[in-house]
Amino acid sequence: MDDAASTEPDAVERVRDRYADLAPALARTWADDEPWKFLTDLTAIGSRMAGSDGERRAADLVADAFERAGLREVRTDPFELTAWERGGADLRVTVPGRDGTDRTREFEALALPYSPAETVEGELVDVGYGTPEEIDAADVTGRIAVASTTTPSESRFVHRMETFGHALAAGAVGFVFVNHLEGQLPPTGSLTFGEPATAPAVGVSAETGGWLREYAANAEGPVASVELGVEASFRSAESRNVIGRAGPDTDERLLLLAHYDGHDIAEAALDNGCGIATVVTAAGVLSEADLPIGVDVVAVGCEEVGLLGAERLAATTDIETVRGVINVDGAGRFRDLRALTHTSEAARSVAAAVSSAIRHPIEVDPDPHPFSDQWPFVRRGVPALQLHSDSGERGRGWGHTHADTRDKVDDRNLREHGMLTALLVAEFAAEGREPERLDADALADAFRETDFETGMRAADLWPAAWE
């Protein structure tokens with residue numbers, strides 16, 4: 001039957017029955033310190049950058065955790081990538097003084113992943129939030145664009161890749177990404193999906209950004225000349241996905257995903273240590289659940305540099321056998337769970353049923369986006385549910401900075417969101433749920449309606465099939 005036509009009261013009652021059946025497993029989960037121990041082991045590695053030794057050791061930790069959770073047939077699937085390795089970054093700003101002499105300052109900067117090893121010179125131009133309208137209104141040709149990590153509250157969140165792509169298309173020769181949060185925290189984040197970018201780019205703190213905006217060519221006051229240099233290298237490397245199974249061996253299955261890699265400048269506790277810890281916790285519950293179809297639980301690598309592990313999984317999976325994808329990217333960080341349903345009515349129905357049955361708020365957002373591991377499946381028509389949690393602020397908060405460390409985590413959220421994830425997966429797997437595939441034309445229209453098309457084209461993410 002069409003899932004949109006299924007009656008919500010039936011689904012709510014089904015979740016209540018399952019909640020009662022799983023009560024012993026859920027109770028053990030609430031009292032378990034395994035989520036915190038797992039997160040501790042993961043964050044103690046340090047860098048889990050794509051293709052690094054730290055990412056490999058993290059994959060081994062995840063495989064052991066999957067075994068302890070009771071998953072079957074745990075294995076790894078290696079794949080190749082072009083890895084980026086960070087070197088230094090120089091940001092020198094020369095400003096004429098009131099006495100007519102020049103003075104040069106050096107500011108702390110972090111190279112953004114996949115930035116080429118290159119040095120450029122030019123004036124700065126302040127493009128504010130870095131929206132397409134702001135970039136179009138500024139003269140960035142031959143200049144270095146300076147943009148914020150956040151976006152106006154009245155608009156959707158504009159991703160870094162979009163802003164970078166817009167700036168380069170408008171003629172910028174370099175890019176500076178300014179953290180909107182104070183605390184001397186330069187941000188990081190990939191410029192492309194796994195390929196060398198065409199111009200150097202760095203992240204700087206909010207405090208540094210204040211100086212740079214003051215020296216911009218489109219600001220009042222002295223105009224600085226800037227030298228922006230990045231040291232970096234590229235090499236062939238290997239990453240891997242870690243895969244385990246829960247439920248019966250059926251042709252039809254669900255995929256439960258979370259990425260386990262993280263940026264090299266911190267412990268990546270929030271992004272996405274919390275997410276993979278939530279999935280490991282959910283796996284322990286699912287291994288005791290009576291599921292009608294199989295669930296492949298997958299820790300994917302290389303999300304931070306272009307969803308490469310998820311792309312590998314999508315390319316090596318028979319998509320026609322996948323009922324849906326549950327991607328845990330952002331859950332476990334903060335108190336309340338958010339469900340991004342990516343236009344799927346089935347995903348919305350699952351989230352609503354679980355929220356109602358156990359009287360736990362789950363905020364539902366129907367809009368799609370292409371910047372997490374559900375994207376390789378969504379664009380192929382697979383219904384998806386992305387699980388996130390929200391601090392109430394716009395932007396990543398501590399994520400993608402030196403401050404993304406274990407002390408920011410409340411492990412009650414890991415346990416609670418792990419239990420909720422298990423219930424959501426089990427309801428998605430329920431008999432009688434036959435979710436409709438996502439229609440390509442309708443999906444493209446949804447991206448257009450949410451003003452994503454221009455940005456996706458700038459980031460080279462708009463599917464050719466949607467032309």
Side-chain angles (χ1 to χ4, degrees), residues 3 11 14-15 17-19 21-22 25-26 29 35 62-63 65-77 241-260 275-300 309-310 312-314 316-329 331-332 337 339 341-342 344 346-347 349-351 353-354 372-374 376-378 380 382-387 417-435 437:
D3 193 82
R14 184 168 57 223
V15 175
D17 290 343
R18 189 178 300 111
Y19 190 52
D21 292 341
L22 289 173
L26 296 171
T29 300
V62 172
F66 279 4
E67 296 273 9
R68 289 194 301 273
L71 297 181
R72 308 187 318 277
E73 304 172 30
V74 176
R75 63 184 177 89
T76 59
D77 177 35
N241 293 336
V242 185
I243 305 166
R245 299 208 74 184
D249 291 325
T250 55
D251 290 336
E252 185 183 25
R253 82 264 319 265
L254 285 174
L255 300 179
L256 172 60
L257 316 177
H259 76 89
Y260 67 91
I276 189 61
T278 296
V279 162
V280 167
T281 304
V285 177
L286 291 170
S287 67
E288 299 186 41
D290 182 16
L291 299 168
I293 64 172
V295 177
D296 287 354
V297 183
V298 188
V300 292
R312 165 73 178 186
L313 182 64
T316 55
T317 298
D318 182 357
I319 293 295
E320 296 305 314
T321 68
V322 179
R323 177 183 291 189
V325 172
I326 298 91
N327 172 33
V328 183
D329 188 3
L337 198 63
T341 59
H342 297 276
S344 169
S349 175
V350 167
V354 171
S372 191
D373 288 315
Q374 79 288 329
F377 299 91
V378 165
R380 290 171 168 87
V382 179
L385 183 63
Q386 181 189 350
L387 301 181
H417 288 188
M419 292 187 283
L420 286 168
T421 298
L423 292 171
L424 289 161
V425 171
E427 177 55 25
F428 218 139
E431 292 183 0
R433 282 204 177 272
E434 298 178 8
R437 308 307 269 190

Any chance you could measure [X], atom [atom1], to [Y], atom [atom2], to the nearest 0.5 Å?
{"X": "Arg437", "Y": "Arg323", "atom1": "CZ", "atom2": "CZ", "value": "10.5 Å"}
{"X": "Leu387", "Y": "Leu337", "atom1": "CG", "atom2": "CG", "value": "5.0 Å"}
{"X": "Asp296", "Y": "Asn241", "atom1": "CG", "atom2": "CG", "value": "11.5 Å"}
{"X": "Gln374", "Y": "Leu255", "atom1": "CD", "atom2": "CG", "value": "12.5 Å"}

Within a radius of less than 6.0 Å around CG of Asp251, do more than 12 heavy atoms belonging to other residues, nucleotides or ligands occur?
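It does not: Asp251 CG has 12 such atoms or fewer within range.
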Start with the C-alpha gap between His342 and Ser344, add the side-chain angles, then the distance that decides, and say whether side chain to side chain contact (heavy atoms under 4.5 Å, CB included) holds.
CA-CA 6 Å; His342 297 276; Ser344 169; 5.8 Å; no
So which atom in [X] and which in [Y] form the shortest heavy-atom distance, rounded to 0.1 Å?
{"X": "Glu252", "Y": "Thr250", "value": "O-OG1, 2.6 Å"}
{"X": "Val378", "Y": "Ala384", "value": "CG2-CB, 3.6 Å"}
{"X": "Ala310", "Y": "Asp373", "value": "CB-OD1, 3.2 Å"}

Contacts satisfying side-chain hydrogen bond (donor to acceptor under 3.5 Å, both in side chains) that involve residues 281-292 (not counting sequence neighbours) are Arg28-Glu288
Output every pair passing side-chain hydrogen bond (donor to acceptor under 3.5 Å, both in side chains) with a member in residues 417-427, not counting sequence neighbours, ordered by first then second residue.
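Pairs touching residues 417-427 that pass the test: Arg14-Glu427, Arg18-Glu427, Glu427-Arg433.
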Is there a side-chain contact between Leu254 and Ile293 in this structure, where contact means two heavy atoms from C-beta onward sitting under 4.5 Å apart?
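Yes, their side chains come closer than 4.5 Å.
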Decide yes or no for Leu26 and Tyr19: does some side-chain heavy atom of the first lie under 4.5 Å from some side-chain heavy atom of the second?
yes
For side chain to side chain contact (heavy atoms under 4.5 Å, CB included), just list the numbers for Thr316 and Asp77, CA-CA rounded to whole Å, side-chain angles, deciding distance to a tenth of an Å, and then say yes or no.
CA-CA 10 Å; Thr316 55; Asp77 177 35; 4.3 Å; yes
Worked check of side chain to side chain contact (heavy atoms under 4.5 Å, CB included) between Val280 and Phe66:
CA-CA 6 Å; Val280 167; Phe66 279 4; 3.9 Å; yes
Do Leu256 and Val328 pass the side chain to side chain contact (heavy atoms under 4.5 Å, CB included) test, and can you show the C-alpha distance, the side-chain angles, and the key distance before you say yes or no?
CA-CA 8 Å; Leu256 172 60; Val328 183; 3.9 Å; yes
